Amino acid sequence: MSGKGRLNTWRTLTLILALTLIFSFSLAAAEDKESGTLNVALASEPGTLDMALSTGVAASIPARHVFEGLLAFDKDYKPQPMLLSSWELSEDGKTATFHLREGVKFHSGEEMVAEDVVASLNRWGEYGLTNSALWTRVEEVTEIDDYTVEMTLSEPFAPLTTYLANIYGGPRIVPAEIAREAGGEPIDPENYVGTGPYKFVEWKAGDYISLERFNNYSNPPTAPSGFAGRKLAYFESIKFSMVSEAGARVSGVKAGNYDYATKIPTDMIATIEGSASTDPVITDHPPIYPIMLINTQTGVLADATMRQAVQAALDMDSIMAAGYGNPTFWTLDGAYFAEGIRWRTLAGAEAYDQADVAKAKELADEAGYDGEPIDIIVAIDMTAQYNQSLVVRNQLRQAGFNAQLETFDKATFFQRRNDRENAEWELAFSFYSTTPDPSLVLMLNEDYPGWWDTPEIDNLKKELNTTTNFEERYGVWEEIRTLWYEQVPAIKFGDAYQLHVRGETLKGYGTEEQPVMVSPYFWNTWKE
Amino acid sequence: MIVSIFIVISVTFILMHSVPGNPASVMLGPNATPEQVASLNESWGLNRPIWTQYYKYVANVFQGKFGKSIYYQKPVLNIISQRAETSIFLGLMSLIVVVSVGVSGGIIASIKPNSWLDNLLLLVALAGASIPSFWLGLMLMNLFSGQLHILPSSGFTSVLKTGNIVNLKNLILPSIALGFVNAALVARSARSSMLDVLNREYVNTARAKGLTEMRVIIKHAFRNAAIPITTIISFTFAKMVSAAVVTENVFALPGIGSLVVQGILKRDYPVIQGVMLVVAILYVVINFLTDLTYGYLDPRIRYS
């Protein structure tokens with residue numbers, strides 16, 4: 001063997017050795033991260049894990065570990081392929097072709113194919129909660145071959161991928177027979193079969209939901225980023241316990257019974273920071289939006305000038321402080337979308353936080369207001385909203401309005417609020433997660449309580465949905481926000497952040513690639 | 001009994017269906033449109049006339065069918081039986097606290113009425129009656145779980161399913177919180193019953209016969225004072241099994257009390273109706289067992 005040949009052999013051997021060492025270290029590191037059971041304390045029990053029929057935060061947390069969509073949001077809330085290898089849109093923007101990743105297994109062991117995707121999308125289209133703007137434009141979803149699905153639209157729909165990646169209420173892919181059997185009812189827990197890194201094991205009513213690692217999980221090839229990319233399931237199992245008492249959730253994390261707990265009252269941050277075994281988690285990426293809906297169709301606030309009068313009377317500082325206390329957890333913000341979201345605009349925001357009683361009275365006089373009652377409704381078990389409603393009532397009274405407050409439990413509140421035929425309210429309090437696209441903002445839906453339905457907004461909505469260029473769409477959104485402040489279909493008070501708590505042994509959470517998102521996720525995390 | 005049960009299920013059904021709100025609106029959440037809520041209610045059959053639903057429900061109950069939970073999609077009896085274990089163990093362990101603290105405290109206080117010991121015990125009883133159980137629960141949790149790390153803070157894993165009796169340690173703090181609050185009432189009642197009996201002539205006679213004070217108190221006085229105490233203890237037990245909502249919430253225990261509250265909040269009609277029926281039966285059974293105990297405590301009481 002020549003000297004050169006020996007050198008090459010040595011180089012090859014060295015390379016193999018180096019690769020072996022790197023692989024061994026990687027394996028060792030992965031083994032180090034192998035963890036037993038992750039215990040998570042949820043503040044409330046989900047209604048169902050079937051995300052086609054739920055937009056609840058509590059449901060989304062366990063559900064995102066079990067079910068996956070065609071696309072998922074990365075850390076910047078941009079849709080990225082999840083169950084897809086790629087997708088493309090035709091030149092006229094009316095045909096979307098989705099190429100599925102091959103070899104993706106359901107928890108039942110069967111491979112996910114186009115038939116499952118078509119059935120899941122059709123079910124979501126027919127019954128899903130967040131489909132309307134998209135589905136009115138979908139003409140057909142067809143199976144081209146086992147790994148290709150085509151969606152035909154009647155007209156281009158710019159936020160198509162955003163709808164498909166939506167965290168709350170977006171379509172998740174389940175086996176075709178399960179989608180067809182469930183129809184418009186929530187999928188039975190026995191049929192919770194998804195493609196996620198964890199599979200459903202048990203839901204003990206009012207007690208816990210348990211998941212276990214899915215060993216045949218097919219990871220996407222991309223790097224982890226937010227809800228998208230590679231998902232390494234280090235935990236053998238995850239147990240989501242329902243712990244309604246906030247003090248018990250915090251004590252539980254301190255004592256090591258739980259590794260993570262959601263929705264902690266913000267005044268407990270000192271307790272959490274003061275303990276060596278707990279760390280606070282502030283979910284400010286993005287915040288939630290406390291909003292007061294206004295009945296634009298019936299009652300004294302059907303007049304837009306009266307709604308402007310209400311808007312002029314409000315002092316947002318006091319309202320946000322009443323709802324969220326410690327200023328670490330809220331910010332005044334006249335834009336709909338918070339800082340860092342590409343749709344953010346302050347168009348029209350000069351009408352935000354006026355606290356101008358004289359102007360409010362003037363506008364009310366102009367509208368011919370004569371002391372008719374303004375009924376405010378709120379769910380007493382939504383504490384922040386209830387606290388805010390008390391302040392709003394007082395501010396409106398000071399501005400000369402006959403504001404009356406009625407409180408209900410959540411179920412009654414929703415029924416009252418949704419009853420358009422017999423709407424007996426003028427103002428209703430709620431809060432909303434951010435949406436990844438303006439077309440998903442619920443107040444723009446004419447069927448959503450508040451029932452904002454004017455020719456001006458109707459035209460702008462059509463433009464927003466059919467324009468494909470981002471800059472143009474952004475311009476339309478600016479116009480919508482300006483109109484919003486003029487017609488006042490709802491009033492956003494500000495941005496609010498939630499406090500969660502995690503045990504200090506939980507690692508890999510809140511990294512640059514996987515920042516704290518709107519609600520937690522536990523792949524690529526482990527316990528020490 | 002059948003009449004009582006019929007009344008309970010009828011009243012529960014009518015009350016729950018009269019309350020505004022419906023399960024679909026809770027399940028679908030704030031983002032659902034009214035059309036979506038109506039559509040889901042329709043698929044669950046909740047848009048049928050109320051009397052049709054009532055007739056169907058009563059007919060099913062008398063055939064032993066309690067229906068499926070709207071929320072959990074599981075048979076109501078399965079859910080109740082899962083929850084019953086926690087509630088029964090919690091009730092029994094709290095009963096130990098009630099009897100050991102309440103009855104013994106009441107007897108001790110009655111032996112020397114108006115003494116410092118009596119006053120101290122009365123003060124403790126007053127504190128027990130006044131302290132909210134959630135506060136006591138959180139304090140116990142903070143001390144024994146958060147600080148000392150010697151007892152778990154919350155949750156409960158089935159003893160029957162796992163065969164592991166150690167799981168009962170999860171119920172130690174809840175049973176102290178629940179038992180202590182209820183022990184106060186029993187202590188007051190035991191004290192007054194014992195005082196009443198200790199002033200009777202036959203007690204003086206027993207003392208005159210030269211019996212020891214302990215024998216006089218336990219064998220002669222307490223046995224006769226036990227009937228009203230038993231009545232209170234039995235109903236306290238029934239209450240602790242079926243309505244320990246606050247304690248269950250604080251310690252995240254999956255019990256009957258929180259099940260019915262969650263059922264009401266979610267408008268899960270089959271669950272509420274099922275739990276109310278089971279609780280009604282529980283009260284009837286405990287009442288019956290209490291009556292049998294009377295016969296044992298006082299042989300003069302006989303039932304034909």
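Remember, it's a predicted structure, so these values are computed and weren't measured experimentally. Heavy-atom basis, side chains included; hydrogens, waters and symmetry copies ignored.
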Worksheet item: Heavy-atom distance under 4.5 Å between the side chains of A:Pro186 and B:Leu40, does that happen here?
Response: yes

Practice prompt. Give, as side chain, backbone, both or neither, the part of B:Phe156 having an atom under 4.5 angstrom from any heavy atom of chain A.
Written response: backbone

Discussion item. Treating A:Gln415 as the side-chain partner and B:Gly21 as the backbone partner, does any N or O pair qualify as donor plus acceptor under 3.5 Å?
Written reply: yes

Discussion item. Please check: side-chain N/O of B:Arg83 versus main-chain N/O of A:Ala205, any donor-acceptor pairing under 3.5 Å?
Written reply: yes

Worksheet item: Do B:Lys68 and A:Glu185 pass the salt bridge (Lys or Arg N to Asp or Glu O under 4.0 Å) test, and can you show the C-alpha distance, the side-chain angles, and the key distance before you say yes or no?
Response: CA-CA 14 Å; B:Lys68 262 171 94 173; A:Glu185 290 193 32; over 6 Å; no

Worksheet entry | A:Met242 side, atom CE; B:Ser258 side, atom OG - distance, nearest 0.5 Å | 12.0 Å

Worksheet item: Under the side-chain hydrogen bond (donor to acceptor under 3.5 Å, both in side chains) test, which residues partner B:Asn182, sequence neighbours left out?
Response: B:Lys239

Discussion item. To check you understand the geometry: which heavy-atom pair defines the closest contact between A:Tyr258 and B:Gly155, and what is its length?
Written reply: OH-N, 4.3 Å

Discussion item. Looking at B:Arg267 and A:Asp409, is there a salt bridge between them, counting it only when a charged N and a carboxylate O are closer than 4.0 Å?
Written reply: yes

Discussion item. Does B:Leu160, at its CG atom, have more than 12 non-hydrogen atoms belonging to other residues, nucleotides or ligands within less than 6.0 Å?
Written reply: yes

Response to the item:
Rounded to the nearest 0.5 Å, the CG atom of A:Asn418 sits from the CG atom of B:Asn22 at a distance of 8.5 Å

Worksheet item: Which answer fits A:Asn257, side chain, backbone, both or neither, if we ask what part of it has an atom under 4.5 Å from a heavy atom of chain B?
Response: side chain

Worksheet item: Given a strict heavy-atom distance threshold of 4.5 Å, which part of A:Asp419 is in contact with chain B: side chain, backbone, both, or neither?
Response: neither

Worksheet item: For the residue pair B:Ser153 and A:Ala248, what are the closest heavy atoms and their distance?
Response: OG-O, 4.5 Å

Worksheet, complete the sentence: Honestly, the part of A:Phe408 sitting under 4.5 Å from a heavy atom of chain B is neither

Response to the item:
Scanning both residues in full, the closest heavy-atom pair of A:Ala255 with B:Ser145 reads CB-O, 3.5 Å

Discussion item. For the backbone of A:Trp203 and the side chain of B:Lys74, can you confirm whether one donor and one acceptor N or O come within less than 3.5 Å of each other?
Written reply: yes

Worksheet item: Can you say whether B:Val37 sits under 4.5 Å from chain A via the side chain, the backbone, both, or neither, judging by heavy atoms?
Response: side chain

Worksheet item: For A:Glu190, does the CD atom sit with more than 12 other heavy atoms under 6.0 Å from it, leaving out its own atoms?
Response: no

Discussion item. With a 4.5 angstrom heavy-atom cut-off, is it the side chain or the backbone of B:Leu265 that approaches chain A, or both, or neither?
Written reply: both

Item to complete: Measure B:Ser154 against the heavy atoms of chain A and call it side chain, backbone, both or neither at under 4.5 Å.
Response: both

Fill in: Inter-residue atom distance B:Gln147.CD - A:Ser251.OG, 0.5 Å rounding
8.5 Å

Discussion item. One pair to check against side chain to side chain contact (heavy atoms under 4.5 Å, CB included): A:Lys204 and B:Tyr72. What are the steps and the verdict?
Written reply: CA-CA 9 Å; A:Lys204 195 174 170 200; B:Tyr72 302 116; over 6 Å; no

Item to complete: Please report the C-alpha distance between A:Lys410 and B:Lys266 in whole Å, then the side-chain angles of each, then the deciding distance to 0.1 Å, and finally whether the side chain to side chain contact (heavy atoms under 4.5 Å, CB included) criterion is met.
Response: CA-CA 9 Å; A:Lys410 261 191 207 170; B:Lys266 292 170 178 169; over 6 Å; no

